[in-house]
Amino acid sequence: MELIVTEKDNAARRIADILSGESYDSSRENGVNVYEWGGTRCVGLSGHVVGVDFPPEYSDWRDVEPVELIDASVEKTATKENIVATLRILARQAEEATIATDYDREGELIGKEAYEIIREVDEEMPIRRVRFSSITENEVRSAFAEPEELDFDLAAAGEARQTIDLVWGAALTRFLSLSSGQLGNDFISVGRVQSPALKLLVDREREIQAFDPESYWEIVADLEKTEGGEDFESQYFYLDEEGNEAERVWEEEAADAATADLEGATTATVVDVDRRSRTDAPPAPFNTTQFIRAASAIGISAKRAMSIAEDLYTAGYITYPRTDNTVYPDDLDPEELLGEFSGHPTLGEDADSLLESEEIEPTEGDEETTDHPPIHPTGEIPTRGDVDDDEWKVFELVVRRFFATVADDARWEHLRVESEAAGRSLKANGKRLVEAGYHAVYPYFSTSENYVPDVEVGEELAVGEVECTGKETQPPRRYGQSRLIETMEGMGIGTKATRHEIIQKLYDRGYIESDPPRPTQLAMAVVEAAEEFADRVVSEEMTAQLEADMDAIASGKAELEDVTQESREMLEEIFENLADSREEIGDHLRKSLKADKRLGPCPECGEDLLVRRSRHGSYFVGCDGYPDCENTLPLPSTGKPLILEEECDEHGLHEVKMLAGRQTFVHGCPLCKAEEAGEGPVLGECPDCGTQEGGELAVKTLQNGSRLVGCTRYPDCEYSLPLPRRGEIEVTGDRCEEHDLPELLVHNGEEPWELGCPICNYREFQARENGSELEAIEGVGEKTVEKLAAAGIESIEDLSTADPDAIADDVEGVSADRVRGWQAKA
DNA sequence: GCAAGGTC
């Protein structure tokens with residue numbers, strides 16, 4: 001029996017498909033799919049099935065000095081035990097094996113992991129390696145026709161990376177965590193990829209903080225072509241000291257003078273007309289980074305885009321989404337693929353128009369790699385019911401990107417008109433899309449035009465309105481997630497499969513907040529500490545050196561042991577310098593952690609008010625002076641608090657936003673909220689105690705910011721009705737006839753929400769809730785729910801405790817036996 | 001309970 005091992009199940013199935021001529025049998029062993037035909041079995045791993053770690057005696061952070069990890073041995077252990085077990089079983093029954101993992105460095109290492117597992121079982125069996133960049137009939141068949149050998153040097157290069165990443169990451173992570181006392185869930189991490197990525201964000205934040213805005217003015221004049229009266233905007237410019245065109249005027253007097261001159265002029269003379277045609281070439285095929293960038297431009301986050309792409313890939317609609325490649329393989333026949341879309345209701349027309357072109361020559365990007373093809377559609381098209389809206393959006397994006405890569409160039413016409421009025425220069429830049437080219441099939445790039453009419457040199461134009469606008473220079477912008485991923489790619493840190501996950505890791509570690517991500521004080525302190533003592537770990541240099549070392553190992557010019565040993569020695573040196581600064585670093589980190597939780601001064605004792613977490617996991621505001629000062633303020637129970645930059649004018653406390661997915665809302669200053677708490681307008685008589693005790697219903701705000709309609713006799717009367725958490729409540733003049741209460745309006749967003757009478761609203765809400773509850777019982781439909789409600793059965797509890805015969809009497813068309821059946825199911 | 005890299 002021959003055993004074929006691939007990197008993932010999906011690849012195993014497709015290879016089985018190709019090599020068996022679609023006639024394989026599949027079975028499951030330990031939860032792992034095995035594909036079998038003729039004398040061959042094919043199994044897919046799940047990426048790495050073994051991982052590196054220190055021996056167990058190093059696992060307690062407090063028992064081991066971080067520096068000891070540098071010379072600790074690094075062991076490999078199975079991380080996917082069921083897959084490893086399956087591989088062993090299959091290997092015992094095999095006479096030969098073929099490693100068919102991905103054609104890249106990490107694939108070679110994963111292949112070696114499989115090789116070693118097979119070798120443990122059988123020392124003699126021939127084990128070959130096949131390499132192919134895309135799983136197509138041609139490539140797979142020709143790879144299997146001429147199998148090669150595993151490249152142990154290339155795999156060793158991967159192992160060097162594993163060891164160095166673990167040793168540096170673990171030793172420095174433990175050092176910072178121990179020095180600041182951050183053990184448990186809130187440890188402080190450092191790594192070759194995460195730390196330089198974090199430094200990018202921190203450096204940008206430093207620039208923003210150090211930014212000093214400067215005032216300037218820009219002047220725009222309306223020019224009119226006298227005949228026909230077409231008008232267009234022209235911007236004032238001058239030549240600066242270096243002789244370059246400049247539009248920004250840095251002195252107010254100069255701006256005023258230029259504006260006055262232009263306002264005084266009645267005509268401007270055209271002094272130069274420059275027309276040029278620009279070719280706008282279609283984009284290259286998608287690699288992972290460019291795909292993420294394009295998805296984020298249509299409002300889909302990096303994380304979500306990758307998760308959707310993964311699903312579309314698994315379902316067979318698009319190719320593998322983790323790739324560096326931007327050149328389509330020779331096997332891809334663009335015409336054939338376009339043909340698959342022909343006749344499709346929304347994509348067919350564009351495919352057909354592309355097929356009409358005489359020559360179809362796809363664009364190529366700069367990066368040609370062997371890992372996988374660029375992301376493109378497979379030709380399988382989901383129907384709209386198969387996928388949700390976002391999935392379709394992403395699928396369409398991938399399809400249209402493919403369309404764009406086989407489409408024609410677009411052509412723009414640029415028209416620059418320079419004129420002079422009262423000795424002042426004005427310019428206008430017009431652009432027009434004269435040939436839509438690929439834009440016709442790829443509508444994701446802006447094609448906005450700027451109209452400037454046809455004029456001739458010497459032509460006189462009327463000067464219309466002149467506008468001088470004062471502006472300020474802006475600080476550099478924060479990185480958005482897709483921009484950060486692009487920058488990381490440019491620096492060579494992380495991989496196609498991990499960059500977006502690294503960003504998530506920074507969120508999870510409390511290093512960044514919000515979106516676009518903003519570094520916390522903790523992040524600033526971690527980067528500062530690293531810069532001072534372990535600059536390598538926050539610089540891209542470490543990766544660059546590692547890449548060079550890995551190339552040397554792969555090409556046989558260096559040994560794995562020498563490279564890791566040299567790296568260990570560098571880390572030793574770092575630890576020699578760190579030793580004396582342990583307390584200082586710990587103090588700084590602790591202070592920064594506190595600063596991230598700080599709201600502002602405590603009004604009772606002047607210490608800091610901090611966002612804290614109770615033993616039960618809920619958040620509240622407490623004083624740093626505790627236990628001397630016991631001042632606390634409540635926070636809403638939903639969501640995780642985010643401290644905003646905005647401060648409350650009255651108390652000098654930062655405002656708080658509650659992050660809770662779609663229910664995220666700004667809570668504001670917790671002290672203001674606490675002061676506002678209390679009773680609002682009275683609505684009417686309390687239905688519970690009004691007639692006897694004279695209680696009245698009022699809108700109340702609780703200390704934690706939530707609101708309700710409650711009785712003024714609380715706590716003697718506990719009658720209450722819920723209100724929405726967000727928005728202003730308006731009490732209208734209209735009253736509900738049934739309950740004699742005013743109708744309420746909620747202002748939250750543009751359209752006010754008509755909540756109506758609070759009792760009716762609550763009843764409806766309950767009916768909906770209970771209705772769905774009863775509908776969950778098999779055999780109970782919407783109509784039955786209505787009938788049961790009429791008989792007073794509104795919840796499962798009502799149903800379970802009711803007498804079946806009584807229900808049968810009350811409800812038409814329902815027998816007592818049927819009710820008993822429901823009760824049994826409920 | 002550390003990293004980064006695969007994959008789900």
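Sequence lines set the chain letters: A, B, ... in the order given, protein chains first and strands last, and positions in each chain run from 1.
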- Counting any heavy atom closer than 4.0 Å, what does Asp60(A) reach on the DNA or RNA strands: base, sugar-phosphate only, or nothing? base
- Under 4.0 Å from any atom of DNA chain B, heavy atoms only: list the residues of residues 562-577 of chain A that qualify, in numerical order. none
- Message: Do Arg509(A) and Tyr507(A) pair up side chain to side chain, a donor and an acceptor below 3.5 Å, judged on atom types alone?
- Response: no
- Message: Assess, by modelled atom type and distance only, whether the side chains of Tyr619(A) and Arg613(A) contain a donor and an acceptor separated by less than 3.5 Å.
- Response: yes
- Decide whether Thr289(A) and Glu486(A) meet the rule of one side-chain donor and one side-chain acceptor closer than 3.5 Å. no
- Between Lys505(A) and Asp508(A), is there a side-chain N and carboxylate O pair less than 4.0 Å apart? no
- Determine the contact category for Glu7(A): base if any of its heavy atoms lies under 4.0 Å from a base atom, sugar-phosphate if only primed atoms, P, OP1 or OP2 are that close, otherwise nothing. sugar-phosphate
- Task: Examine the side chains of Asn325(A) and Tyr320(A) and answer whether a donor and an acceptor come within less than 3.5 Å of each other.
- Result: no
- DNA chain B contacts among residues 173-186 of chain A, heavy-atom distance under 4.0 Å: Thr173(A), Arg174(A), Leu183(A), Gly184(A)
- Determine the contact category for Gly107(A): base if any of its heavy atoms lies under 4.0 Å from a base atom, sugar-phosphate if only primed atoms, P, OP1 or OP2 are that close, otherwise nothing. nothing
- Could you tell me if the ring centre of Phe575(A) sits under 6.0 Å from that of Phe175(A)? yes
- Between Gln194(A) and Asp9(A), whichever has its closest DNA chain B nucleotide further toward 5' is Gln194(A)
- Message: Regarding Glu310(A), tell me which of base, sugar-phosphate or nothing describes its non-hydrogen contacts under 4.0 Å with the strands shown.
- Response: sugar-phosphate
- Item | Residue mapping more 5' on DNA chain B - nearest nucleotide basis, Tyr313(A) or Val193(A) | Val193(A)
- Report which part of the nucleic acid Arg62(A) touches: base, sugar-phosphate, or nothing (heavy-atom distance under 4.0 Å, all strands). nothing
- Can you tell me if Ser177(A) and Gln182(A) form a side-chain donor-acceptor pair at under 3.5 Å? no
- Does Tyr115(A) have its ring centroid less than 6.0 Å away from the ring centroid of Phe152(A)? yes
- Message: Is it the case that the side chains of Gln481(A) and His500(A) hold a donor-acceptor pair, with the cut-off being a distance below 3.5 Å and no angle test?
- Response: no
- Return yes if a side-chain donor-acceptor contact under 3.5 Å exists between Asp371(A) and Thr369(A), otherwise no. yes
- Note on the structure: Under a 4.0 Å heavy-atom criterion, DNA chain B is touched by chain A from dG1(B) to dC8(B)
- Within the side chain of Thr314(A), is there an N or O that forms a donor-acceptor pair under 3.5 Å with the backbone of Glu310(A)? yes
- Message: Mind checking if Val190(A) touches a base, just sugar-phosphate, or nothing, with heavy atoms under 4.0 Å?
- Response: sugar-phosphate
- Task: Answer with base, sugar-phosphate or nothing: what part of the nucleic acid does Trp61(A) contact at a heavy-atom distance below 4.0 Å?
- Result: base
- How would you label the contact of Ser189(A) with the nucleic acid (heavy atoms, under 4.0 Å): base, sugar-phosphate, or nothing? sugar-phosphate
